[in-house]
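All values below were derived from every heavy atom in this structure, side-chain atoms included, with hydrogens, water molecules and symmetry-related copies excluded.
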Protein chains: 2
Amino acid sequence: MLKLTKKADYGLMALKFLAEHPERSALSAKDVADAYGIPAQLLAKILQQLTRSGLLRSHAGMNGGYALAREARSISAYEVILSIDGPFFITSCTKGKTGCELTTNCTIKEPLARVNETIAGVLKSISIQDLAEHEQPAARERNARELVALTL
Amino acid sequence: MLKLTKKADYGLMALKFLAEHPERSALSAKDVADAYGIPAQLLAKILQQLTRSGLLRSHAGMNGGYALAREARSISAYEVILSIDGPFFITSCTKGKTGCELTTNCTIKEPLARVNETIAGVLKSISIQDLAEHEQPAARERNARELVALTL
DNA sequence: TGTAATTCCGACAGAAACGGTCGTATACTG
DNA sequence: CAGTATACGACCGTTTCTGTCGGAATTACA
Ligand code: SF4
Ligand code: SF4
């Protein structure tokens, strides 16, 4: 289903946590894992992946750990998900193995690709910074209609 | 990952197909399955589920089959996904089994819930009718920023 | 009445994805 | 050198997804 993996979830939490602690030059995977209840080794792998993707900067050895490679404002949730879960597609017609064989005669492929772009756009426009700030839940969803009208 | 299941995918295809053939009073599951390359028995179950949810009207026996219960314009992709894949949540913190135990000290739960609503809103504003019509892919995503600003 | 078409329903199995662990190697600090 | 930390890959148990099978109930029609 349309659900993000816990890995991505954990990744976002970690990023947010790092964004909230700029005073510390680096936080170890264990620090973050303990702050919430995340399995330490799993989080470690996630942070390593984020580092590979260039979202984090790592430093081994004592007092080592991870820090944001860029400012929180410029890191989008989309990038995080992309890094952890791989290419973002809501449909299965992404070529490669276990893809969909109906791509030739499928008629909803195109429209769904547009929906895909819309959702990707939403994710791209959410930064780690946004997660760190807490605003009031306002009236949302009421504007969804006009919102999609622009993109579809 | 943030991917819809093939079942939902098939369901949308079928709905669209039905919407495109209003002249026929009913189309059998096999008709639809053959039109594309969808496994017939699987599609049958999907259509049955959609019927149970009230999106389709079914008629057994010869010359039986399925037809839209409402007009295509008023059936949203969200309803289809909801019917087939169950409640829509991008996160795992949906209580119940295999849920997330970090809900107490999780700090991104709230923000993600808002993202969830935004995406749900997008889905809700897309109708079967929309899928059946093909418009030009226009500049989308450029408005994503302002779009989310409204909902976040 | 009987037969074919068709929906309906549950159970099941294979395959993939996910969540998590382990072991070990490497790098840095002091 | 010892201790702390990242880096990486292999592995495994569970869940979810996809698809199949077998059979029962409905309806049309000859
Ligand atoms: S091709 Fe059509 S059916 Fe296959 S995944 Fe893409 S959208 Fe779904
Ligand atoms: S509680 Fe926090 S961590 Fe657990 S699923 Fe919800 S958002 Fe993700």
Side-chain angles (χ1 to χ4, degrees), chain A residues 1-11 13-14 24-34 37-53 56-67 69 81 84-87 89 91-92 94 96-102, chain B residues 1-11 14 18 24-34 37-53 56-67 69 81 84-87 89 91-92 94 96-102:
Chain A
M1 242 256 294
L2 236 55
K3 182 170 297 181
L4 38 62
T5 62
K6 282 196 180 174
K7 287 186 193 179
D9 204 344
Y10 294 161
M13 287 177 78
R24 303 282 306 273
S25 65
L27 287 167
S28 78
K30 189 167 183 310
D31 290 339
V32 181
D34 289 351
I38 309 176
Q41 306 205 74
L42 179 54
L43 181 62
K45 278 208 307 190
I46 295 171
L47 296 180
Q48 285 159 27
Q49 175 59 45
L50 290 172
T51 302
R52 247 174 269 139
S53 303
L56 290 179
R57 231 186 303 261
S58 67
H59 187 59
M62 288 183 88
N63 300 322
Y66 299 89
I81 294 173
I84 297 174
D85 288 340
F89 289 111
T91 54
S92 305
T94 61
K97 60 174 183 180
T98 60
C100 183
E101 283 91 43
L102 294 65
Chain B
M1 241 255 295
L2 236 55
K3 182 170 296 181
L4 39 62
T5 62
K6 282 196 178 174
K7 286 189 194 178
D9 204 343
Y10 294 160
L18 291 176
R24 302 282 307 273
S25 65
L27 287 168
S28 76
K30 191 167 182 308
D31 289 340
V32 181
D34 289 350
I38 308 177
Q41 306 205 77
L42 179 55
L43 181 62
K45 279 207 308 192
I46 294 170
L47 296 180
Q48 285 160 26
Q49 176 58 45
L50 290 172
T51 303
R52 247 173 269 142
S53 303
L56 290 179
R57 231 185 306 260
S58 66
H59 188 58
M62 287 184 91
N63 300 322
Y66 299 90
I81 294 173
I84 296 174
D85 288 339
F89 290 111
T91 55
S92 306
T94 61
K97 60 175 181 179
T98 59
C100 184
E101 282 91 45
L102 294 66

Asker: Would you check if the side chain of A:R57 reaches a backbone N or O of A:A67 as a donor-acceptor pair within less than 3.5 Å?
Answerer: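 Side chain of A:R57 to backbone of A:A67: no pair is present.
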Asker: Take the protein atom CG of B:L27 and the nucleotide atom C1' of C:dA5, then report the distance between them rounded to whole Å.
Answerer: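 The distance from CG of B:L27 to C1' of C:dA5 comes to 15 Å, rounded to the nearest Å.
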Asker: Starting at the 5' end of DNA chain D and moving along, which residue's nearest nucleotide shows up first, A:D31 or B:M62?
Answerer: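 Here A:D31 is the residue nearer the 5' end.
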Asker: Distance check: side-chain N/O of A:H59 vs OP1/OP2 of D:dT4, anything under 4.0 Å?
Answerer: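 The answer is no; no side-chain N or O of A:H59 sits under 4.0 Å from OP1 or OP2.
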Asker: B:K7 near the nucleic acid: base, sugar-phosphate alone, or nothing, with a heavy-atom cut-off under 4.0 Å?
Answerer: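 If one applies the 4.0 Å heavy-atom cut-off, B:K7 turns out to touch a base.
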Asker: With nearest nucleotides of DNA chain C determined for A:N63 and B:L47 from heavy-atom distances, which residue corresponds to the more 5′ nucleotide?
Answerer: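 Result of the comparison: B:L47.
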Asker: Could you report the tightest heavy-atom contact between B:C100 and A:K6, atom names first, then the distance?
Answerer: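 Closest approach of B:C100 to A:K6: CA-NZ, 4.2 Å.
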Asker: Search all heavy atoms of B:G37 against all heavy atoms of A:L102 and return the closest pair with its distance.
Answerer: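 Closest pair (atom of B:G37, atom of A:L102, distance): N-CD2, 4.0 Å.
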Asker: Would you mind telling me which of D:dT6, C:dG19, C:dC18 lies closest to the side-chain atoms of A:S58?
Answerer: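 Looking only at heavy atoms from C-beta outward on A:S58, the closest nucleotide is D:dT6.
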Asker: First locate atom CG of B:L56, then atom OG1 of B:T51, and finally report the distance between them rounded to the nearest 0.5 Å.
Answerer: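 The distance works out to 4.5 Å.
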Asker: Between P on C:dC9 and CD on B:Q48, what's the gap in Å once rounded to a whole number?
Answerer: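 My rounded result for the distance is 7 Å.
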Asker: Answer yes or no: does a side-chain N or O of A:Y66 lie under 4.0 Å from OP1 or OP2 of D:dA5?
Answerer: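 Negative; the distance criterion is not met.
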Asker: Rounded to whole angstrom units, what separation is found between the NZ atom of B:K30 and the P atom of C:dC8?
Answerer: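 Taking atom P of C:dC8 as the reference, NZ of B:K30 is at 18 Å.
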Asker: Nearest 0.5 Å, what's the OH-NE2 distance between A:Y66 and A:H59?
Answerer: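 The distance works out to 12.5 Å.
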Asker: So, does A:Y10 get its side chain near the phosphate of C:dG19, meaning an N or O under 4.0 Å from OP1 or OP2?
Answerer: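 No, because none of the side-chain N or O atoms of A:Y10 sits under 4.0 Å from OP1 or OP2 of C:dG19.
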Asker: Taking atom C1' of C:dT7 as reference, at what distance in whole Å does atom CD of B:Q49 sit?
Answerer: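 From B:Q49 CD to C:dT7 C1': 14 Å.
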Asker: Among C:dT7, D:dC17, C:dC28, which nucleotide sits nearest the side chain of A:A60?
Answerer: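 From the listed options, C:dC28 comes nearest.
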Asker: Identify, residue by residue, the members of residues 38-45 of chain A with a heavy atom below 4.0 Å from DNA chain D, and return them in order of residue number, or none.
Answerer: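 Hits under 4.0 Å, by residue number: A:K45.
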Asker: Can you see if the side chain of B:T5 gets near the phosphate of D:dT16 - specifically, an N or O under 4.0 Å from OP1 or OP2?
Answerer: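 No, outside the criterion.
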Asker: Without decimals, in angstroms, what is the distance between A:I84 CD1 and C:dC18 C1'?
Answerer: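 Rounded to the whole Å, the gap is 13 Å.
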Asker: Using atom CE of A:M1 as one end and atom C1' of C:dC18 as the other, report the distance to the nearest whole Å.
Answerer: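 Computing the A:M1:CE to C:dC18:C1' distance gives 15 Å.
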Asker: Rounded to whole Å, please give me the gap between CD1 in A:I46 and P in C:dT21.
Answerer: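 Going from A:I46 (CD1) to C:dT21 (P), I get 12 Å.
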Asker: Between atom CG in A:L2 and atom P in C:dC18, what is the gap in whole Å?
Answerer: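 To the nearest whole Å, that distance equals 13 Å.
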Asker: Restricting to non-hydrogen atoms, name the atom on A:N63 and the atom on A:A26 that form the minimum distance, rounded to 0.1 Å.
Answerer: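 Heavy atoms only, the tightest pair is O-CB, 4.4 Å.
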Asker: Report yes or no: does A:D31 contribute a side-chain atom to a donor-acceptor pair with the main-chain N or O of A:S28 at less than 3.5 Å?
Answerer: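 Yes, A:D31 side chain to A:S28 backbone: donor-acceptor pair under 3.5 Å.
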Asker: Mind checking B:R52 for me? I need base, sugar-phosphate or nothing, with any heavy atom below 4.0 Å counting as a touch.
Answerer: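 Since only primed, P, OP1 and OP2 atoms lie under 4.0 Å of B:R52, the category is sugar-phosphate.
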Asker: Of the non-hydrogen atoms in B:L47 and B:A14, which two are nearest, and what is the gap between them?
Answerer: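 For B:L47 and B:A14, the tightest heavy-atom pair comes out as CD2-CB, 3.9 Å.
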